[in-house]
Enquirer: 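Quick one: structure below, then a few questions.
Chain letters run A, B, ... following the sequence lines, proteins first and then strands; every chain starts at 1. What you are looking at is a predicted structure, and each value in this text was computed from that prediction instead of being measured.
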Number of protein chains: 2
Amino acid sequence: MERTRVIDTDELLSIRAAELYYEENKTQDEIGTLLRLTRWKVGRLLAQAKASGFIRIEIVHPRARRLSVERRLREATGLTDAIVVSSAGVAGDEELQSRTAQAAADYLTGLRPVPRTLGISWGRTLHEVALHLKQGWAHGVNVVQINGGVSLNRRAGTAAATAVNIAHKAAGAATLLPSPAILERLETKQAIESDRAVAAVLNLATAASAYLFSAGQADEFSALVDSGYLTAEQVAELVRKGAVGDIVGRYIDSNGNIVDPELDGRTVGIQLEQLRQAKTAIAVIAGTSKHAIARAIVGSGLCTVLVTDEDTALAILGDEA
Amino acid sequence: MERTRVIDTDELLSIRAAELYYEENKTQDEIGTLLRLTRWKVGRLLAQAKASGFIRIEIVHPRARRLSVERRLREATGLTDAIVVSSAGVAGDEELQSRTAQAAADYLTGLRPVPRTLGISWGRTLHEVALHLKQGWAHGVNVVQINGGVSLNRRAGTAAATAVNIAHKAAGAATLLPSPAILERLETKQAIESDRAVAAVLNLATAASAYLFSAGQADEFSALVDSGYLTAEQVAELVRKGAVGDIVGRYIDSNGNIVDPELDGRTVGIQLEQLRQAKTAIAVIAGTSKHAIARAIVGSGLCTVLVTDEDTALAILGDEA
DNA sequence: CGCCCGGTTGCTCAGATGAGCAAGATTTCA
DNA sequence: TGAAATCTTGCTCATCTGAGCAACCGGGCG
């Protein structure tokens with residue numbers, strides 16, 4: 001900290017002017033009289049104060065977005081769209097996730113063209129997005145799961161419920177993927193994928209007109225560990241190999257590459273290439289623990305649209321301060 | 001927390017409008033086109049957003065003051081003047097004290113009429129005020145100490161140095177009060193007060209045209225404990241009797257009354273009545289631990305001017321939130 | 001069925017503000 | 001020192017914005 005920085009007279013004046021302008025809402029003219037300056041000088045001081053960052057304007061509201069950050073994200077990453085919710089005055093990660101989910105629901109509702117088929121993953125975040133969607137948010141959107149996980153999930157049915165909920169609220173049908181997320185043996189996985197019922201769903205998923213998914217961090221709190229697909233040790237091993245998190249059940253490193261091809265081979269769901277080639281792939285990611293995976297996803301083109309919180313967005317932009 | 005509060009359409013619109021206005025700085029007209037509203041509606045939405053408190057404007061600068069809080073303080077307490085420094089983006093109490101001391105120095109520099117004799121107390125805060133004063137801040141201001149404490153002070157001379165420093169920078173003379181702050185026996189105190197040298201200083205102090213002083217909290221970290229005048233146990237006992245802190249060495253309760261008349265009788269310095277009757281009595285008080293004593297001082301008319309930090313000011317106003 | 005009333009909308013108009021320009025002040029460098 | 005270069009100042013003018021007003025809308029009530 002530079003304790004002894006020189007503060008020149010104009011800087012002080014600009015602060016006095018700002019106080020009178022923003023706190024006392026006097027006109028620049030009145031301030032001019034008070035400080036014995038012309039009103040033009042006051043205007044310039046004010047502009048200077050803004051430019052130096054002494055004036056901070058925050059919009060404090062759960063639905064507030066950070067348009068300037070969104071713009072920077074779009075420009076820096078080539079995303080089609082970026083939605084960044086403000087974290088001003090937020091207590092914890094939970095509130096942040098809720099706000100982000102709300103924003104994702106809003107985005108989905110306003111999405112044009114309306115997707116005929118929407119491929120979705122499952123998890124806490126997606127579940128919350130479903131909750132925030134309003135009845136009738138669209139008409140005739142069919143929903144299809146893009147990765148396995150229904151049966152083994154501890155709170156059985158959350159994954160299915162998410163898909164059904166989203167479809168129902170859009171007066172469409174839900175198609176579930178009746179398969180575990182990860183199988184123990186490659187042969188089992190190949191067998192299940194060749195099953196007509198499963199193959200049909202995967203084909204539908206591959207042909208979806210838009211995707212909506214979240215991502216998980218790579219640690220012992222991951223949903224895949226929680227659901228019993230992986231042990232904490234297995235995840236720790238993946239981390240050693242460079243994993244930063246998972247997306248549709250597949251663990252990737254910071255460059256967006258599959259970390260463990262063998263494991264990946266046993267994972268049921270669409271391929272990452274599908275997401276990379278999709279015209280609309282919406283990633284919804286919030287919370288401090290997901291900065292790394294968010295960065296990896298955006299950096300490697302796994303989504304075209306990112307819905308996230310301000311801190312995650314700034315982490316992606318490399319703006320730690 | 002009300003999670004399910006209804007957010008009406010206008011509220012959401014006003015947030016969108018605010019984002020475009022403050023973050024993207026578009027004109028109200030442009031926003032109107034974007035949101036399919038007339039520019040008047042946009043203006044009203046913006047006004048509504050401000051009125052609802054969704055727009056927060058902060059001036060982030062070490063020298064920034066909170067004029068609105070100052071005004072409220074003046075109105076609520078009848079103070080002649082109130083100076084409140086912003087605590088926006090402040091790390092710890094130390095930074096807060098430094099800012100407040102700076103503000104006190106500024107106030108003193110601008111004080112009119114310039115006092116011929118300035119009565120001051122001593123302590124960490126006053127020392128820092130002295131440091132922040134600029135060479136030549138006034139011409140011919142004489143400084144006189146208003147309470148004892150020179151000799152016993154651990155870092156001997158700080159108290160004296162403060163007075164000398166302030167006087168020197170104003171091309172004036174310093175008069176020191178050559179006495180301990182508190183004496184062990186009443187007789188000793190009476191003896192020392194009747195000594196010609198001491199009596200003369202006290203007379204001068206009583207006749208000062210303005211006073212500048214700080215205050216101490218009542219706990220084991222008090223400067224009087226630190227200097228060896230009182231033990232931690234004695235202070236604890238004072239607290240039991242209702243003490244919230246000390247001012248010019250005298251402990252008062254939340255109503256501004258002397259807590260322990262016996263102890264007070266052994267304390268050397270001007271009487272609190274002197275401060276109450278003074279035309280200009282400037283109190284400089286900063287930090288979370290001093291909220292109670294600040295409140296007591298202001299509430300009981302012990303100062304005409306208060307220089308403090310935002311949190312302390314809000315505590316005095318009863319605005320915890 | 002018509003009327004009244006609170007609330008909202010679009011507008012006029014005056015005051016507030018920012019962009020751009022030319023004159024004046026200050027610094028820099030030969 | 002002198003002159004060029006740069007910065008600062010005060011100004012004009014066009015635009016932006018808020019106050020206040022009249023018209024309008026929707027619903028309750030006689």
Side-chain angles (χ1 to χ4, degrees), chain A residues 2 5-61 63-72 86 134 136, chain B residues 5-61 63-68 70-72 86 134 136:
Chain A
E2 29 167 2
R5 188 177 130 249
V6 186
I7 296 180
D8 75 32
T9 319
D10 265 22
E11 185 170 321
L12 256 161
L13 268 181
S14 75
I15 295 303
R16 296 286 154 257
E19 287 162 0
L20 294 164
Y21 193 71
Y22 291 106
E23 288 209 44
E24 301 285 80
N25 48 280
K26 303 206 178 293
T27 77
Q28 298 185 3
D29 217 352
E30 292 176 297
I31 297 171
T33 312
L34 270 151
L35 301 180
R36 296 163 206 287
L37 300 166
T38 62
R39 73 187 182 77
W40 297 284
K41 178 74 180 169
V42 174
R44 281 172 183 130
L45 286 171
L46 250 20
Q48 191 188 313
K50 263 194 214 166
S52 317
F54 297 148
I55 315 291
R56 178 189 296 163
I57 302 185
E58 260 181 359
I59 303 171
V60 191
H61 192 283
R63 303 287 277 270
R65 282 164 49 188
R66 297 300 321 276
L67 301 187
S68 58
V69 182
E70 295 181 357
R71 181 152 31 74
R72 284 204 290 147
S86 160
K134 285 217 293 236
Chain B
R5 189 177 130 248
V6 187
I7 296 181
D8 75 32
T9 318
D10 266 20
E11 185 170 321
L12 259 170
L13 269 180
S14 75
I15 296 302
R16 296 287 153 256
E19 287 162 358
L20 294 164
Y21 192 71
Y22 292 107
E23 289 208 41
E24 301 286 82
N25 47 278
K26 301 205 178 296
T27 78
Q28 299 185 1
D29 219 351
E30 292 175 298
I31 297 172
T33 311
L34 271 152
L35 302 180
R36 296 162 205 288
L37 299 166
T38 61
R39 72 186 182 78
W40 296 284
K41 178 73 179 173
V42 174
R44 279 171 185 132
L45 286 172
L46 250 20
Q48 192 188 312
K50 261 194 216 167
S52 316
F54 297 147
I55 315 290
R56 180 190 296 163
I57 302 185
E58 260 182 0
I59 302 170
V60 192
H61 192 283
R63 302 288 278 268
R65 282 165 48 188
R66 296 300 321 277
L67 302 186
S68 58
E70 295 180 357
R71 182 154 30 76
R72 284 205 290 147
S86 161
K134 285 216 294 237

Enquirer: Rounded to whole Å, how long is the line connecting atom NZ of A:K50 with atom P of C:dT17?
Expert: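 Computing the A:K50:NZ to C:dT17:P distance gives 11 Å.
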Enquirer: Can you tell me how far CZ of B:R16 sits from CZ of A:R65, rounded to the nearest 0.5 angstrom?
Expert: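 Output value for this atom pair is 5.5 Å.
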Enquirer: Could you check how far CG of A:L45 sits from P of D:dT8, rounded to whole Å?
Expert: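 In whole Å, D:dT8 P lies 11 Å from A:L45 CG.
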Enquirer: So, does A:S52 use its side chain to make a donor-acceptor pair with the main chain of A:F54 at under 3.5 Å?
Expert: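 Flag not set: sc A:S52 to bb A:F54 has no pair under 3.5 Å.
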Enquirer: D:dG18, OP1 or OP2 - any side-chain N/O from B:Q28 closer than 4.0 Å?
Expert: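 Yes, because at least one side-chain N or O of B:Q28 sits under 4.0 Å from OP1 or OP2 of D:dG18.
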Enquirer: Can you check the A:W40 CH2 to C:dG20 C1' distance for me, whole Å?
Expert: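 It works out to 14 Å between those atoms.
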Enquirer: With respect to the side chain of B:T27, which nucleotide from C:dG10, D:dT17, D:dT9 is positioned closest?
Expert: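 My answer, after comparing the listed nucleotides, is D:dT17.
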Enquirer: Would you kindly give the CG-to-C1' distance between B:L13 and C:dT9, to the nearest whole Å?
Expert: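 Answer to the nearest Å: 15 Å.
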Enquirer: May I ask you to decide if B:S68's main-chain N or O and A:E23's side chain share a donor-acceptor pair within less than 3.5 Å?
Expert: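 A pair under 3.5 Å: yes.
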Enquirer: Roughly how many Å is it from CG in B:L46 to P in D:dA19, rounded to a whole number?
Expert: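 The answer, rounded to whole Å, is 12 Å.
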Enquirer: Side chain of B:Q28, backbone of B:V42: donor and acceptor closer than 3.5 Å?
Expert: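 Answer holds: no.
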Enquirer: When you measure from the side chain of B:R39, which nucleotide among C:dT17, D:dT17, C:dG10 comes out closest?
Expert: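 Nucleotide nearest to B:R39's side chain: D:dT17.
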Enquirer: Expressed as a whole number of angstroms, how long is the span from B:L20:CG to D:dT17:P?
Expert: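 Going from CG in B:L20 over to P in D:dT17 covers 13 Å.
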Enquirer: Which whole-number value in Å describes the distance from B:K26 NZ to C:dG18 P?
Expert: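 Rounded to the whole Å, the gap is 17 Å.
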Enquirer: At under 4.0 Å, does any side-chain N or O of A:Y21 touch on OP1 or OP2 of C:dA16?
Expert: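 Checking C:dA16 against A:Y21, no side-chain N or O comes under 4.0 Å of OP1 or OP2.
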Enquirer: Taking CG from A:D8 and C1' from D:dT8, how many angstroms apart are they, rounded to a whole number?
Expert: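 To the nearest whole Å, that distance equals 14 Å.
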